[in-house]
**Student:** 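Pasting a structure below so you can have a look.
Order of the sequence lines sets the chain letters (A, B, ...), proteins ahead of strands, with each chain counted from 1.
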Number of protein chains: 2
Amino acid sequence: MLLHLTMELAEGKQKFIESWGRLGSEWGVNRTMAQVHALLLIAPEPLTTEEVMEQLNISRGNANMTLRDLINWGLVEKQHKPGERKEYFFAEKDIWTVARQVARERKKRELDPMLKVLNELSAVEGDQNDKEFAAFNKSITDIHKLARNSDKMMETMLKADESWFWGSILKIFK
Amino acid sequence: MLLHLTMELAEGKQKFIESWGRLGSEWGVNRTMAQVHALLLIAPEPLTTEEVMEQLNISRGNANMTLRDLINWGLVEKQHKPGERKEYFFAEKDIWTVARQVARERKKRELDPMLKVLNELSAVEGDQNDKEFAAFNKSITDIHKLARNSDKMMETMLKADESWFWGSILKIFK
DNA sequence: TACTATTTTCGAAATGGCCTGAAATAGTAT
DNA sequence: ATACTATTTCAGGCCATTTCGAAAATAGTA
């Protein structure tokens, strides 16, 4: 009997959806959302809500909400086929665009609010001879600096195109 | 009546702990863990379990587990004071070291396993004329490339010291 | 060895996030 | 209008994760 040294396509798809789902859930994107995204990423054609429901075994309500969320994240779009009433969904396939889009959302949800708080906390005044204040102030200042640097880096990444970005980065990092 | 234009220290601490907690929970670190970390970050002296419990209003069990987790993440260390039996805990204060430590953990938990899966999935064979296979293969290949680049970047960052890292990065990104 | 201070463990309870299913709404053709 | 299909909403239930609290284990001391 012939052993399968390589994976079947169907098995591969399954594995990818599962892994992408797990990865997503460690990233603040919930598992189902990441799985639907994975499914659409590897689909050659747009899919209907119905197909998403079947392939992932999720309810209509869930599929609908999840697809809406993905659209809000800018990762998925609707498409209408002429003569049909059903909506079709497809994912942005350029993975660099996907990465930037995710970075953009996360910046908006995490980094920006944190910067706002750090600005406020930087304004807290006190006596440097007070150990409590000195320790607080130093931490806030340092974190603020790191956050601002991250912000600048993000901003640039969001504007850059893939080849330029990795070209510059990897040149330094080799 | 005089309005407070700047925040009180106590209020600032509170706000920082809260924000750091929220940020943490969007990062796969649970809220309590991030809050304990925040508390220790701004504390001028090491704290006991007891003090952590009081200041954050959490149970002994929770405090104990959380501190252990933080130690496992390499963010907190134990200290013994001579003549005392109690254990004191303090956080790594160098924020760049903290950032690298977090990056190291996340790489281990997320990027490395994903790279492993992508290697397997890259080995799936098929006919490029089969639309299903072609779409799958292209996505996997692209993601694999992105993941490998991220991996290289991480590796370098983990070795670099702060000034070198931001010096090089911000030079490009300005 | 007994006593006390401290830490660790772990089952149970609480919390919060996710998903379902069914009803409401919207859209289209006859 | 009416019937039919597709989409959206949301209250309620479910499940995983987090937290509590008290008991057990451990470590230090006399």
**Student:** At 4.0 Å (heavy atoms only), tell me whether B/Asn57 reaches a base, stays on the sugar-phosphate, or touches nothing.
**Tutor:** sugar-phosphate

**Student:** Rounded to the Å, how far apart are B/Ile71 CD1 and C/dT7 P?
**Tutor:** 11 Å

**Student:** Check the distance between D/dT9's P and A/Leu67's CG and give it to me in whole angstrom.
**Tutor:** 13 Å

**Student:** Suppose we call a contact any N or O donor and acceptor under 3.5 Å apart; does that hold for the side chain of A/Arg85 and the base of D/dT5?
**Tutor:** yes

**Student:** Check every atom of D/dT19, D/dC10, C/dT8 against the side chain of A/Met65 and return the nucleotide holding the closest atom.
**Tutor:** D/dC10

**Student:** Once you round it to whole Å, what is the distance between C1' of C/dA26 and NE2 of A/His80?
**Tutor:** 13 Å

**Student:** A/Glu87 CD to D/dT5 P: how many Å, rounded?
**Tutor:** 17 Å

**Student:** I need the minimum non-hydrogen distance between B/Ser139 and A/Leu41, along with the two atoms involved.
**Tutor:** OG-O, 3.0 Å

**Student:** Report the base-pairing partner of D/dA30 (Watson-Crick or G-U wobble, both distances below 3.5 angstrom), or none.
**Tutor:** C/dT1

**Student:** Base, sugar-phosphate or nothing for B/Arg68? Non-hydrogen atoms, less than 4.0 Å.
**Tutor:** sugar-phosphate

**Student:** Taking all atoms of both residues into account, what is the closest heavy-atom pair of B/Glu45 and A/Lys131, and its distance?
**Tutor:** OE2-NZ, 3.2 Å

**Student:** Please report, rounded to the nearest Å, how far the C1' atom of C/dA14 is from the CZ atom of B/Arg31.
**Tutor:** 13 Å

**Student:** Measure from the side chain of B/Lys86, starting at C-beta and using heavy atoms only, and say which of C/dT8, C/dT6, D/dC20 lies closest.
**Tutor:** C/dT6

**Student:** Between D/dT7 atom P and A/Leu47 atom CG, what is the distance in whole Å?
**Tutor:** 13 Å

**Student:** Between C/dT15 atom P and B/Ile58 atom CD1, what is the distance in whole Å?
**Tutor:** 16 Å

**Student:** With respect to the side chain of B/Thr32, which nucleotide from C/dT7, D/dT18, C/dC10 is positioned closest?
**Tutor:** D/dT18

**Student:** Is the ring pair B/Phe136/A/Phe16 parallel, tilted or perpendicular, if the boundaries are 30 and 60 degrees?
**Tutor:** perpendicular

**Student:** Classify the nucleic acid contact of A/Asn30 as base, sugar-phosphate or nothing, counting any heavy atom under 4.0 Å across all strands shown.
**Tutor:** sugar-phosphate

**Student:** In terms of side-chain geometry, is the basic nitrogen of A/Lys15 or B/Glu120 positioned less than 4.0 Å from the acidic oxygen of its partner?
**Tutor:** yes

**Student:** Check the orientation of B/Trp166 and B/Trp96. Use parallel for under 30°, tilted for 30 to 60°, and perpendicular for over 60°.
**Tutor:** perpendicular

**Student:** Is the phosphate of C/dT6 approached by B/Thr49 (side-chain N or O, under 4.0 Å from OP1 or OP2)?
**Tutor:** no

**Student:** Which part of the nucleic acid, if any, lies within contact of A/Glu50, taking any heavy atom under 4.0 Å across all strands shown: a base, the sugar-phosphate backbone alone, or nothing?
**Tutor:** nothing

**Student:** So what does A/Asn62 touch, heavy atoms closer than 4.0 Å: a base, only the sugar-phosphate, or nothing?
**Tutor:** base

**Student:** Given atom CZ of A/Arg60 and atom C1' of D/dA6, what is their separation to the nearest angstrom?
**Tutor:** 8 Å

**Student:** With a cut-off of less than 4.0 Å, is there a side-chain N or O of B/Asn64 near OP1 or OP2 of C/dT8?
**Tutor:** yes

